[in-house]
Amino acid sequence: MSESKPRDNPYLAHLPPSQRGVGTGSKEITKDPLFGFLPRKVKGDQVRKAMDGDVNPFTKQPHSGQYKKILETRKKLPVFAQMDEFLKIFSENQIIVMVGETGSGKTTQIPQFVAYSDLPHTKGKMVACTQPRRVAAMSVAKRVADEMDVQLGRHVGYSIRFEDMTEAGTTFLKYMTDGMLLREAMNDPSLERYSTIILDEAHERTLATDILMGLLKGIAKKRKDLKIIIMSATLDALKFQKYFSLRSDATAPLFKVPGRTHPVEVFYTQEPEPDYVEAAIRTVLMIHRAEDPGDILLFLTGEEEIEDACRKIKLEADDLLNQDPSSVGPLSCIPLYSSLPPQQQQRIFDAAPPPITKDGPPGRKVVVSTNIAETSLTIDGIVYVVDPGFSKQKVYNPRIRVESLLVSPISKASAQQRAGRAGRTRPGKCFRLYTEKDFMKELEEQTHPEILRSNLSNTVLELMKLGIKDLVSFDYVDAPAPETLMRALELLNYLAALDDDGNITPLGGIMAEFPLDPQLAKLLIVSPEFKCSNELLTITAMMSVPNVWLRPNNQRREADAAKAALTVPDGDHLTLLNVYNQYVLNKHDKNWCWTNYLSQRALQQADNVRAQLQRTMERFDIDLISLSDEKKLFVNIRQALVCGFFMQVAHKEGEKGNYLTVKDNQASQPSLISVVALHPSCGLDTQPEWVIFNEFVLTTRPYIRTVSEVKAEWLIEFAANYFDLSTFPDGETKRALQRAWNKRAGRGDKKSSKGSRQDGSDERLAKKRRTDGRD
DNA sequence: GAGCACTGC
C-alpha cells in the first residue's frame, strides 16, 4: 500500500489529495468538515459541527449568507432535537420504521441526517426518498437543496415522470415519486445505486409504495449494505414494524418524533344526519354566525356537490349579511378539486374578505374541497373543519372486471387527518357530521390500501418483469384478493404478455417498459404491422390523459356543437386522433382550445405523454408508420385497436340501443351489468353491430365510453383465442360469431400474420429487446 | 341524454 494513501479513513479516497489532507500537512485535514466521519458510525456532535462550519462539507465551498439563517430555523424542528438518537438507531439497524407527525420536519431532515451518516457520495451511491406525489418530490427537493446550500439538480435533486433533475455522479440525495423508483427497479432489481432508501408517507399505502415495500423486504435480505427507512403516521407504525421484522421474535425498531401542531377540539352530532350536504351547509353557516374569526374547510365528495354547495352557502351568507350587517361579516366561498385549472386552485390562498365597514365584523373564507385538501394541499389559516365523513373511493370488482368510484364512509385515520387540518396555525375545532358512536363503531381504522381496490393487470406485469413469478406467495403488506390476481393473469395471458405457463414473454417484457395499461402497450407494439403506429401513438396518449372535452354548465350547447365539428363518425378513437392533430395544426394555441371547448392542460399532457411513449418505441425499434390512404388508415387503426381491446367488445342486441358486453352474459342469465348503452357523449352516427370500448362507467345506468365500430371477422382474426366459441355462453352474440367463423371457413382459412403476437410466438421482438436506460 | 375522488409511470 502506498504511503500517500490516507490510512485512517479509507472513505475519503474519493477526494482529491488536497482535500484529503494528503501530503499537505494536518491543517488541510481539519479543513475537511467530514474528516474523521466513518460511514454509518457518525455521531450527532460531528454532524452539528460540520453543519455549523463555514465550509459546505459536500461542495467544499464557503456557505452562502442565507445558509446560517435557514440552519437556525431547522434547529427548531422537533426532529432536530433527536438527531443523536436517530444516528444511533441508524447505525445499529438495517431497517427502521419512523413516525413523525405533521410539522416534525421528517421529510426534509431525515434524508439529510442519513446523507451525513451514510456519506453516499464516497461510495458512488445515492440516498433516495420517495413521495407519493410529484409536487411534493419537487418542492421538498428544492427546500433541501436550499438547506444544504447546493444548487437544485446537483448534489440534491429530484426525479419525476417527464423530469429528471439529477446529475449522474454528483447527486447523492434524490427525492422521487414512488412510481419512479418502481420503474427503476424493473431494470435494476437490487436497486444497486442506492445505499439507503426512504419510503415517505408509507401510511398512504399507494400501489407503488406497497409494491416497493414488498420488493425492499426481499432486497434487504440479499443486500446487507442497503438500509431502509419507512416513514409513516403513528397509526400504521406497528403494522410496518411487524412486516419488516428481520427476526421472528422481534419487530423492526421504531423511531418516533413528536409533531408540532395545535390542539383541535372535536364535536359530533347527537343524531345521524340524513342529508350530509344540507347538514354541512347548515354547519358552515352556524360557524360563520357564532364562532370567532377563522377560516373554514369543508370536505365534500366531488365537483358537482362542491359547486352546488358553494352556490347555496354564498346565497345564504349574503342573506345573513343583509339582515344583520353589524354582527355578521362577509363570506367568500372557494371550491377546490383537481380538475379545476391551477389558477382557480390558487384562490384558496387568497385572504378572507375584509370587513364591510371599518369597524364591522371581519370576513371569513370557506374552502369547499374534495380529498385533495386532506393530503395533497395544505391551506394555512384554517381554524374550523367540517367533516361529513364521506369521500369518493375507487373500488374494483374483479368478478365483473370493473373499477368504479363510490361515495363511501371515510376511515378513522382519514377523519383524524381532516381534523388535523384545523390545527396548523392555532387551536381549532372540527365538526364531524356523524355521531361519536358511529365514529367508534362504524368507521374502519384505515382506508383500504389501494392494492386491495384496484385492477392489478399493470402491477402484475411489473412484478413479472421484476422476476417475481409466484405472485400469490409474494410477501405483500396486504395481499390482494386471489381473484384480482387471477383476472390480471388472465388478461395478460390473452394479450400474450404471459405464456400459458405463466412466464413473461418477450412481448410482455417490452409491454412492461411502457408507462401504459397492458392493452394500450400491446396495441402500440403491434401497430406497425397495421401501418398506423404514428396514429396509434397519438390515440394511446390521448387515452391515457384526463378527458379533453370541456362542458361548462351554462354553455353545454356551444360545447356540444364544438365537439360535433371535431367528431369523426367512424369512432371515438378516431375523433381523439383528429382532436390532437387539429391541436397541433393550430400550433397548440390556447385560444383555439378555448373556442373549441377543449382542455389545453389535458392536450398539453397528451403531447408530453406522446413524446415519452415515442422515446420508448424508439428504444425498441418500433417504427413510426402512417398510411396516406385515409380510408384504409381508418380501417387499420380500428383493427389494431382490436389487438389490445378484444376483451372490451360489445354486441348490439335488438333495436333499442342495448349492447351486451361479450362473455359477461353468463349462460341464459345475462347479468345486469353486461347490458350496456353507448354513452351519450359517443360520436358514432349509427349503432354498429360490434363495438370496442375503452371504458365502462356505471352512473345512472351502465354505459360504455370511447367507442369504435369493429367487424366480427377482425375479432376472430386478431383474437382467435379469446373468440374461441367453446368458451362462450349461448346467445345472440355467440350465434353472430359463429356466422363469422363459418364465413371465414367458407373462404378457406387464410390466416393473417397481422396481430399474430397474440399467441406469443413472435421472437423477432425479443431480438430487439434492449435493457439499457429508462424513460 | 351524461358528470373526473386522488395519485403515479
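Per chain, numbering begins at 1; letters A, B, ... match sequence-line order. Below, all heavy atoms of this structure are taken into account, side chains as well, without hydrogens, waters or symmetry copies.
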> Between B:dG3, B:dT7, B:dG1, spot the one nearest the side chain of A:P680, thanks.
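Side chain of A:P680 sits closest to B:dG1.
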> Using a cut-off of less than 4.0 Å, is there contact between a side-chain N or O of A:T700 and OP1 or OP2 of B:dA2?
yes
> At less than 4.0 Å, is any side-chain N or O atom of A:S338 found next to OP1 or OP2 of B:dC6? Yes or no.
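Yes.
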> Considering only NZ, NE, NH1 and NH2 on the basic side and carboxylate oxygens on the acidic side, decide whether A:R133 and A:E204 come within less than 4.0 Å.
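Between A:E204 and A:R133 there is a salt bridge, with a charged N closer than 4.0 Å to a carboxylate O.
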> Write down the distance between NE2 (A:H448) and P (B:dT7), rounded to a whole number of angstrom.
22 Å
> Which one, B:dC9, B:dG8, B:dA2, comes nearest to the side chain of A:R133?
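When the side chain of A:R133 is considered, B:dG8 is the closest of B:dC9, B:dG8, B:dA2.
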> Where is the tightest heavy-atom contact between A:L550 and A:A559, given as atom of each residue plus distance?
O-CB, 3.5 Å
> For the side chain of A:E450, counting heavy atoms from C-beta on, which of B:dC9, B:dA2, B:dT7 is nearest?
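From the listed options, B:dT7 comes nearest.
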> Among the nucleotides B:dC9, B:dG3, B:dC6, which one has an atom lying closest to any side-chain atom of A:E304?
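Nearest to the side chain of A:E304 among the choices is B:dG3.
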> Which whole-number value in Å describes the distance from A:F514 CZ to B:dG8 P?
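Rounded to the whole Å, the gap is 22 Å.
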> Mind calculating the distance between CD (A:Q345) and C1' (B:dC6) to the nearest angstrom?
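That distance rounds to 12 Å.
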> Let me know the distance between CG of A:L212 and P of B:dT7, rounded to the nearest Å.
20 Å
> What is the distance from OH of A:Y175 to P of B:dG8, rounded to the nearest Å?
18 Å
> Indicate, with a heavy-atom threshold strictly under 4.0 Å, whether A:D560 touches base, sugar-phosphate, or nothing.
base
> Any base atoms under 4.0 Å from A:L207, or only sugar-phosphate, or nothing? Heavy atoms, all strands.
nothing
> Would you kindly give the CE-to-P distance between A:M138 and B:dG8, to the nearest whole Å?
11 Å
> Taking OP1 and OP2 of B:dG8, is either one under 4.0 Å from a side-chain nitrogen or oxygen of A:T206?
no
> Would you kindly compare A:N458 and A:K392 by the position of their nearest DNA chain B nucleotide and give the one closer to the 5′ end?
A:K392
> Using a 4.0 Å heavy-atom cut-off, does A:L405 contact any base of the nucleic acid, only the sugar-phosphate backbone, or nothing at all?
base
> With respect to the side chain of A:R551, which nucleotide from B:dC9, B:dC6, B:dA2 is positioned closest?
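Closest of the options to the side chain of A:R551: B:dA2.
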> How close or far is atom P of B:dC9 from atom CE of A:M180, stated in whole angstroms?
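Rounded to whole Å, this separation is 7 Å.
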> Base, sugar-phosphate or nothing for A:R205? Non-hydrogen atoms, less than 4.0 Å.
nothing
> Should the ring pair A:H679 and A:Y703 be called parallel, tilted or perpendicular, given that the plane angle runs from 0 to 90° and is split at 30 and 60?
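The rings of A:H679 and A:Y703 stand perpendicular, inter-plane angle above 60°.
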> In whole Å, I'd like the distance from the CD atom of A:E201 to the P atom of B:dG8.
13 Å
> At 4.0 Å (heavy atoms only), tell me whether A:T370 reaches a base, stays on the sugar-phosphate, or touches nothing.
sugar-phosphate
> Does B:dC6 have OP1 or OP2 under 4.0 Å away from a side-chain N or O of A:T375?
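Answer no for this pair, as no side-chain N or O of A:T375 is under 4.0 Å from OP1 or OP2.
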> Tell me which nucleotide among B:dA5, B:dG8, B:dG3 gets nearest to the side chain of A:R134.
B:dG8
> A:T209 and side-chain hydrogen bond (donor to acceptor under 3.5 Å, both in side chains): which single residue from A:D178, A:T130, A:D200 fits?
A:D178
> With a 4.0 Å limit, can you tell me whether A:Y337 has a side-chain N or O closer than that to the phosphate oxygens OP1/OP2 of B:dA5?
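Looking at the OP1 and OP2 atoms of B:dA5, neither is under 4.0 Å from any side-chain N or O of A:Y337.
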> Looking at B:dT7, B:dA5, B:dA2, which one has an atom nearest to any side-chain atom of A:T699?
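Taking heavy atoms from C-beta onward, the closest nucleotide is B:dA2.
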> I want to verify a distance call: between B:dA2, B:dC9, B:dA5, whose nearest atom is closest to the A:R183 side chain?
B:dC9
> Of the non-hydrogen atoms in A:L495 and A:P518, which two are nearest, and what is the gap between them?
CD1-CB, 3.7 Å
> Of all the heavy-atom pairs spanning A:Y337 and A:Q345, show the shortest one and how long it is.
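Closest pair (atom of A:Y337, atom of A:Q345, distance): O-NE2, 3.1 Å.
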